[in-house]
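To start, the structure itself, in C-alpha coordinates.
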Protein chains: 2
Amino acid sequence: MMTELEKMACGASDESTCQMTEDMLAKIKENMPSPELLTDLADLYKMFGDSTRLSILSALRQRELCVMHLAEILNMTQSAISHQLRALRANNLVRYRREGKLSYYCLADEHVETIIDMGLEHILEERVY
Amino acid sequence: MMTELEKMACGASDESTCQMTEDMLAKIKENMPSPELLTDLADLYKMFGDSTRLSILSALRQRELCVMHLAEILNMTQSAISHQLRALRANNLVRYRREGKLSYYCLADEHVETIIDMGLEHILEERVY
DNA sequence: TTAACATATGAACAAGTGTTCATGTGTTTG
DNA sequence: CAAACACATGAACACTTGTTCATATGTTAA
(Lines give C-alpha, C1' and ligand atoms only; values in the text may rest on other atoms or scores of the structure.)
Protein backbone atom coordinates (compact mmCIF):
# COMPACT_ATOMS: atom_id res chain seq x y z
CA MET A 1 0.00 0.00 0.00
CA MET A 2 1.18 3.48 -0.83
CA THR A 3 0.81 6.53 1.29
CA GLU A 4 -0.57 9.67 -0.23
CA LEU A 5 2.84 11.29 -0.16
CA GLU A 6 4.42 8.31 -1.90
CA LYS A 7 1.78 8.45 -4.58
CA MET A 8 2.84 11.99 -5.33
CA ALA A 9 6.55 11.18 -5.24
CA CYS A 10 6.35 8.45 -7.89
CA GLY A 11 4.26 10.43 -10.29
CA ALA A 12 0.92 8.84 -9.58
CA SER A 13 -0.30 12.16 -8.29
CA ASP A 14 -3.28 12.63 -10.48
CA GLU A 15 -4.79 9.32 -9.48
CA SER A 16 -4.38 9.92 -5.78
CA THR A 17 -7.50 10.09 -3.69
CA CYS A 18 -6.47 13.60 -2.71
CA GLN A 19 -6.37 15.05 -6.21
CA MET A 20 -3.22 16.71 -4.97
CA THR A 21 0.09 16.97 -6.79
CA GLU A 22 3.47 18.04 -5.56
CA ASP A 23 3.22 21.06 -7.78
CA MET A 24 0.00 22.09 -6.12
CA LEU A 25 1.55 21.75 -2.69
CA ALA A 26 4.53 23.77 -3.82
CA LYS A 27 2.29 26.54 -5.10
CA ILE A 28 0.33 26.65 -1.87
CA LYS A 29 3.60 26.97 0.03
CA GLU A 30 4.70 29.80 -2.26
CA ASN A 31 1.49 31.67 -1.70
CA MET A 32 1.71 31.49 2.06
CA PRO A 33 2.33 34.77 3.92
CA SER A 34 5.88 35.12 5.21
CA PRO A 35 6.63 33.85 8.74
CA GLU A 36 7.41 37.42 9.84
CA LEU A 37 4.06 38.67 8.64
CA LEU A 38 2.30 35.76 10.32
CA THR A 39 3.94 36.44 13.67
CA ASP A 40 3.17 40.14 13.39
CA LEU A 41 -0.43 39.29 12.61
CA ALA A 42 -0.59 36.84 15.50
CA ASP A 43 0.85 39.44 17.86
CA LEU A 44 -1.79 41.90 16.75
CA TYR A 45 -4.63 39.45 17.35
CA LYS A 46 -3.24 38.48 20.72
CA MET A 47 -4.14 41.99 21.79
CA PHE A 48 -7.79 41.27 21.05
CA GLY A 49 -7.57 37.86 22.68
CA ASP A 50 -7.99 39.06 26.24
CA SER A 51 -11.24 40.27 27.74
CA THR A 52 -9.58 42.96 29.82
CA ARG A 53 -8.02 44.53 26.76
CA LEU A 54 -11.27 44.16 24.84
CA SER A 55 -13.04 45.94 27.68
CA ILE A 56 -10.56 48.77 27.56
CA LEU A 57 -11.01 49.11 23.83
CA SER A 58 -14.79 48.99 24.20
CA ALA A 59 -14.70 51.79 26.73
CA LEU A 60 -12.33 53.90 24.65
CA ARG A 61 -14.63 53.36 21.74
CA GLN A 62 -17.19 55.45 23.54
CA ARG A 63 -14.89 58.18 24.71
CA GLU A 64 -11.34 59.21 25.38
CA LEU A 65 -10.56 58.22 28.97
CA CYS A 66 -7.84 58.55 31.56
CA VAL A 67 -6.33 55.56 33.35
CA MET A 68 -8.15 55.96 36.64
CA HIS A 69 -11.53 56.15 34.96
CA LEU A 70 -10.76 53.08 32.93
CA ALA A 71 -9.84 51.34 36.15
CA GLU A 72 -13.13 52.35 37.70
CA ILE A 73 -15.21 51.35 34.69
CA LEU A 74 -13.59 47.93 34.51
CA ASN A 75 -13.45 47.61 38.29
CA MET A 76 -9.78 46.69 38.19
CA THR A 77 -6.59 48.08 39.69
CA GLN A 78 -4.78 50.98 38.08
CA SER A 79 -1.69 48.82 37.72
CA ALA A 80 -3.46 46.12 35.76
CA ILE A 81 -4.94 48.72 33.43
CA SER A 82 -1.61 50.46 32.92
CA HIS A 83 0.10 47.20 32.03
CA GLN A 84 -2.53 46.42 29.42
CA LEU A 85 -2.45 49.94 28.04
CA ARG A 86 1.25 49.56 27.60
CA ALA A 87 0.69 46.44 25.50
CA LEU A 88 -2.01 48.16 23.46
CA ARG A 89 0.27 51.12 22.88
CA ALA A 90 3.12 48.87 21.75
CA ASN A 91 0.82 47.46 19.09
CA ASN A 92 -0.45 50.86 17.95
CA LEU A 93 -4.02 50.16 19.00
CA VAL A 94 -4.32 53.17 21.31
CA ARG A 95 -2.76 56.60 21.49
CA TYR A 96 -2.36 58.78 24.52
CA ARG A 97 -1.71 62.34 25.45
CA ARG A 98 -0.51 63.63 28.78
CA GLU A 99 -2.38 66.53 30.36
CA GLY A 100 -0.98 67.45 33.74
CA LYS A 101 -1.24 64.46 36.01
CA LEU A 102 -3.63 62.62 33.75
CA SER A 103 -2.96 60.40 30.75
CA TYR A 104 -5.78 60.31 28.25
CA TYR A 105 -6.11 57.29 26.01
CA CYS A 106 -8.10 56.86 22.83
CA LEU A 107 -8.31 54.35 19.99
CA ALA A 108 -5.51 54.68 17.45
CA ASP A 109 -7.64 54.37 14.29
CA GLU A 110 -10.83 53.01 12.79
CA HIS A 111 -9.31 49.59 12.16
CA VAL A 112 -9.61 48.81 15.82
CA GLU A 113 -13.35 49.24 15.78
CA THR A 114 -13.69 47.40 12.50
CA ILE A 115 -11.76 44.40 13.76
CA ILE A 116 -13.90 44.19 16.89
CA ASP A 117 -17.08 44.46 14.84
CA MET A 118 -15.98 41.65 12.53
CA GLY A 119 -15.53 39.38 15.52
CA LEU A 120 -18.89 40.39 16.92
CA GLU A 121 -20.56 39.60 13.62
CA HIS A 122 -19.03 36.16 13.57
CA ILE A 123 -20.13 35.41 17.12
CA LEU A 124 -23.63 36.76 16.76
CA GLU A 125 -24.20 34.67 13.65
CA GLU A 126 -23.29 31.55 15.57
CA ARG A 127 -25.90 32.31 18.18
CA VAL A 128 -29.13 31.26 16.55
CA TYR A 129 -32.07 32.25 18.66
CA MET B 1 -6.24 68.42 47.51
CA MET B 2 -9.07 66.47 45.97
CA THR B 3 -8.75 63.44 43.79
CA GLU B 4 -10.65 63.32 40.54
CA LEU B 5 -13.05 60.77 41.97
CA GLU B 6 -13.71 62.91 45.03
CA LYS B 7 -14.44 65.87 42.81
CA MET B 8 -17.18 63.85 41.17
CA ALA B 9 -18.54 62.56 44.45
CA CYS B 10 -19.08 66.00 45.95
CA GLY B 11 -20.78 67.43 42.92
CA ALA B 12 -17.88 69.42 41.57
CA SER B 13 -17.88 67.19 38.52
CA ASP B 14 -18.30 69.82 35.89
CA GLU B 15 -15.30 71.75 37.07
CA SER B 16 -13.04 68.72 37.21
CA THR B 17 -10.04 68.66 34.93
CA CYS B 18 -11.44 65.50 33.39
CA GLN B 19 -14.74 66.98 32.24
CA MET B 20 -16.15 63.73 33.54
CA THR B 21 -19.23 63.26 35.67
CA GLU B 22 -20.48 60.24 37.53
CA ASP B 23 -23.41 60.11 35.16
CA MET B 24 -21.07 59.89 32.21
CA LEU B 25 -19.13 57.07 33.81
CA ALA B 26 -22.37 55.26 34.56
CA LYS B 27 -23.50 55.56 30.96
CA ILE B 28 -20.18 54.24 29.68
CA LYS B 29 -20.54 51.27 32.00
CA GLU B 30 -24.08 50.66 30.75
CA ASN B 31 -22.95 50.68 27.16
CA MET B 32 -20.19 48.15 27.73
CA PRO B 33 -20.63 44.74 26.10
CA SER B 34 -21.59 42.03 28.57
CA PRO B 35 -18.77 40.04 30.21
CA GLU B 36 -19.99 36.88 28.46
CA LEU B 37 -19.82 38.53 25.06
CA LEU B 38 -16.38 39.90 25.84
CA THR B 39 -15.02 36.49 26.82
CA ASP B 40 -16.56 34.91 23.73
CA LEU B 41 -14.98 37.59 21.61
CA ALA B 42 -11.64 37.15 23.34
CA ASP B 43 -11.80 33.39 22.80
CA LEU B 44 -12.47 33.96 19.13
CA TYR B 45 -9.51 36.29 18.72
CA LYS B 46 -7.25 33.93 20.62
CA MET B 47 -7.66 31.61 17.66
CA PHE B 48 -6.08 34.22 15.40
CA GLY B 49 -3.42 34.99 17.97
CA ASP B 50 -1.15 32.10 17.09
CA SER B 51 1.01 31.90 13.99
CA THR B 52 0.46 28.16 13.55
CA ARG B 53 -3.29 28.60 13.43
CA LEU B 54 -2.92 31.61 11.14
CA SER B 55 -0.79 29.49 8.83
CA ILE B 56 -3.42 26.78 8.77
CA LEU B 57 -6.11 29.31 7.95
CA SER B 58 -3.93 30.90 5.28
CA ALA B 59 -3.40 27.52 3.64
CA LEU B 60 -7.09 26.62 3.82
CA ARG B 61 -7.84 29.96 2.28
CA GLN B 62 -6.22 28.71 -0.90
CA ARG B 63 -7.74 25.28 -0.94
CA GLU B 64 -9.49 22.58 1.03
CA LEU B 65 -6.77 20.38 2.52
CA CYS B 66 -6.35 17.19 4.51
CA VAL B 67 -4.38 17.02 7.73
CA MET B 68 -1.24 15.44 6.35
CA HIS B 69 -0.91 17.99 3.60
CA LEU B 70 -1.37 20.79 6.10
CA ALA B 71 1.36 19.19 8.17
CA GLU B 72 3.66 19.09 5.16
CA ILE B 73 2.93 22.65 4.08
CA LEU B 74 3.58 23.98 7.57
CA ASN B 75 6.46 21.56 8.16
CA MET B 76 4.97 20.47 11.47
CA THR B 77 3.89 17.20 13.01
CA GLN B 78 0.46 15.77 12.29
CA SER B 79 -0.32 15.84 15.98
CA ALA B 80 0.35 19.53 16.35
CA ILE B 81 -1.84 20.28 13.35
CA SER B 82 -4.66 18.07 14.60
CA HIS B 83 -4.66 19.76 17.98
CA GLN B 84 -4.91 23.19 16.38
CA LEU B 85 -7.59 22.05 13.97
CA ARG B 86 -9.57 20.86 16.95
CA ALA B 87 -9.39 24.33 18.48
CA LEU B 88 -10.36 25.96 15.19
CA ARG B 89 -13.29 23.59 14.84
CA ALA B 90 -14.47 24.33 18.38
CA ASN B 91 -14.64 28.00 17.44
CA ASN B 92 -16.42 27.39 14.14
CA LEU B 93 -13.58 28.74 12.06
CA VAL B 94 -13.14 25.58 9.99
CA ARG B 95 -15.37 22.76 8.85
CA TYR B 96 -14.33 19.28 7.90
CA ARG B 97 -15.61 16.28 6.05
CA ARG B 98 -14.36 12.76 6.29
CA GLU B 99 -13.63 10.89 3.08
CA GLY B 100 -12.23 7.45 3.72
CA LYS B 101 -9.06 7.77 5.73
CA LEU B 102 -8.71 11.44 5.04
CA SER B 103 -10.22 14.43 6.79
CA TYR B 104 -10.62 17.47 4.60
CA TYR B 105 -10.71 20.85 6.22
CA CYS B 106 -11.87 24.17 4.83
CA LEU B 107 -12.69 27.64 6.14
CA ALA B 108 -16.08 27.86 7.81
CA ASP B 109 -17.23 31.14 6.25
CA GLU B 110 -16.13 34.42 4.71
CA HIS B 111 -15.77 36.10 8.08
CA VAL B 112 -12.55 34.24 8.66
CA GLU B 113 -10.93 35.75 5.59
CA THR B 114 -12.33 39.18 6.37
CA ILE B 115 -10.96 39.16 9.90
CA ILE B 116 -7.51 38.16 8.68
CA ASP B 117 -7.57 40.87 6.01
CA MET B 118 -8.52 43.54 8.55
CA GLY B 119 -5.49 42.61 10.61
CA LEU B 120 -3.27 42.65 7.55
CA GLU B 121 -4.50 46.10 6.62
CA HIS B 122 -3.69 47.41 10.06
CA ILE B 123 -0.20 45.96 10.01
CA LEU B 124 0.64 47.05 6.48
CA GLU B 125 -0.41 50.61 7.25
CA GLU B 126 2.01 50.67 10.15
CA ARG B 127 4.85 49.72 7.90
CA VAL B 128 5.77 52.93 6.15
CA TYR B 129 8.34 52.30 3.48
C1' DT C 1 -8.21 -10.92 9.71
C1' DT C 2 -4.02 -8.51 9.89
C1' DA C 3 -1.17 -4.72 8.66
C1' DA C 4 -0.56 -0.16 7.21
C1' DC C 5 -2.32 4.28 7.05
C1' DA C 6 -4.75 8.88 8.43
C1' DT C 7 -6.38 11.18 12.10
C1' DA C 8 -7.70 12.23 16.96
C1' DT C 9 -6.63 12.76 21.69
C1' DG C 10 -4.79 12.49 26.55
C1' DA C 11 -0.82 13.50 29.49
C1' DA C 12 3.29 16.00 30.38
C1' DC C 13 6.31 19.73 30.10
C1' DA C 14 8.31 24.14 28.66
C1' DA C 15 7.23 28.71 27.43
C1' DG C 16 4.21 32.59 27.55
C1' DT C 17 0.73 35.65 29.90
C1' DG C 18 -2.12 38.52 33.28
C1' DT C 19 -2.52 40.13 37.81
C1' DT C 20 -0.70 41.70 42.20
C1' DC C 21 2.54 44.06 45.04
C1' DA C 22 6.00 47.25 45.70
C1' DT C 23 8.16 51.06 44.09
C1' DG C 24 9.68 54.68 40.79
C1' DT C 25 8.67 58.93 37.92
C1' DG C 26 6.50 63.16 36.97
C1' DT C 27 3.00 66.67 38.18
C1' DT C 28 0.35 69.68 41.06
C1' DT C 29 -1.24 71.55 45.39
C1' DG C 30 -0.55 73.63 49.92
C1' DC D 1 9.92 72.86 49.94
C1' DA D 2 7.01 68.51 51.19
C1' DA D 3 2.91 65.88 50.47
C1' DA D 4 -0.58 64.02 47.65
C1' DC D 5 -1.85 62.43 43.35
C1' DA D 6 -1.85 59.97 38.57
C1' DC D 7 0.52 56.90 36.17
C1' DA D 8 4.35 53.61 34.79
C1' DT D 9 7.06 49.63 35.54
C1' DG D 10 9.86 45.65 37.41
C1' DA D 11 9.61 41.27 39.86
C1' DA D 12 7.05 37.38 41.37
C1' DC D 13 3.59 34.00 40.98
C1' DA D 14 -0.37 31.50 39.39
C1' DC D 15 -2.48 30.29 35.28
C1' DT D 16 -2.79 29.34 30.43
C1' DT D 17 -1.13 27.50 26.13
C1' DG D 18 1.42 25.01 22.25
C1' DT D 19 4.16 21.22 21.27
C1' DT D 20 5.77 16.49 21.83
C1' DC D 21 5.19 11.73 22.84
C1' DA D 22 2.50 7.85 23.28
C1' DT D 23 -1.52 5.75 22.16
C1' DA D 24 -6.37 5.18 20.64
C1' DT D 25 -9.88 5.21 16.82
C1' DG D 26 -11.36 4.38 12.34
C1' DT D 27 -10.53 3.18 7.43
C1' DT D 28 -8.52 0.63 3.61
C1' DA D 29 -5.60 -2.71 1.31
C1' DA D 30 -3.63 -7.36 1.18
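A quick note: this is a predicted structure, and the numbers were derived from the prediction, not measured. Here is how names work: the chains are called A, B, and so on, in the same order as the sequence lines, proteins then strands, and each is numbered from 1.
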Does A:Gln84 have a side-chain nitrogen or oxygen under 4.0 Å from the phosphate oxygens OP1 or OP2 of C:dT19?
-> yes
Please answer whether the main-chain N or O of A:Cys106 pairs with a side-chain N or O of A:Arg97 as donor and acceptor at a distance below 3.5 Å.
-> no
Does a donor on one side chain sit under 3.5 Å from an acceptor on the other, for B:Thr114 and B:Glu110?
-> no
Run through A:Lys29, A:Lys27, A:Met32, A:Met24 and flag the one making a side-chain contact (heavy atoms from CB on, under 4.5 Å) with B:Gln62.
-> A:Met32
Spacing of B:Ile56 atom CD1 relative to C:dA8 atom P, expressed in whole Å = 11 Å
How many Å lie between CD on B:Gln78 and P on C:dT9, as a whole number?
-> 11 Å
Residue-phosphate contact under 4.0 Å: B:Thr52 side-chain N/O, D:dT19 OP1/OP2 | yes
Using only side-chain N and O atoms of B:Tyr105, determine if any of them is under 4.0 Å from OP1 or OP2 of C:dA8.
-> yes
Rounded to the nearest Å, what distance is computed from the OH atom of residue A:Tyr96 to the P atom of nucleotide D:dC7?
-> 12 Å
Please answer whether D:dT9 and A:His83 are stacked, defined here as ring centres separated by less than 5.5 Å and planes angled under 30°.
-> yes
Counting heavy atoms from C-beta on, name the nucleotide in C:dC21, C:dT19, D:dT20 closest to the side chain of B:Ala80.
-> D:dT20
B:Arg97 CZ - C:dT7 P separation (whole Å) = 12 Å
B:Met76 CE to D:dG18 C1', straight-line distance once rounded to whole Å = 8 Å
With the side chain of A:Arg53 defined as its heavy atoms from C-beta on, choose the nearest nucleotide among C:dG26, D:dG10, C:dG18.
-> C:dG18
Nearest-neighbour nucleotide for the B:Cys66 side chain, D:dT17, C:dT9, C:dT7 considered = C:dT7
Closest listed nucleotide, where the reference is the side chain of B:Lys101 and the choices are C:dA6, C:dT27, D:dC7 | C:dA6
Please give, in whole Å, the distance from D:dA8 P to A:Arg98 CZ?
-> 7 Å
Let me know the distance between CD of A:Glu72 and C1' of D:dA6, rounded to the nearest Å.
-> 15 Å
Looking only at side-chain N and O atoms, does A:Ser79 come under 4.0 Å of OP1 or OP2 in D:dC7?
-> no
Side chain of A:Ser103 (C-beta onward), nearest among C:dT7, D:dC7, D:dT20 | D:dC7
Spacing between B:Leu85 atom CG and C:dA8 atom P, to the nearest angstrom = 7 Å
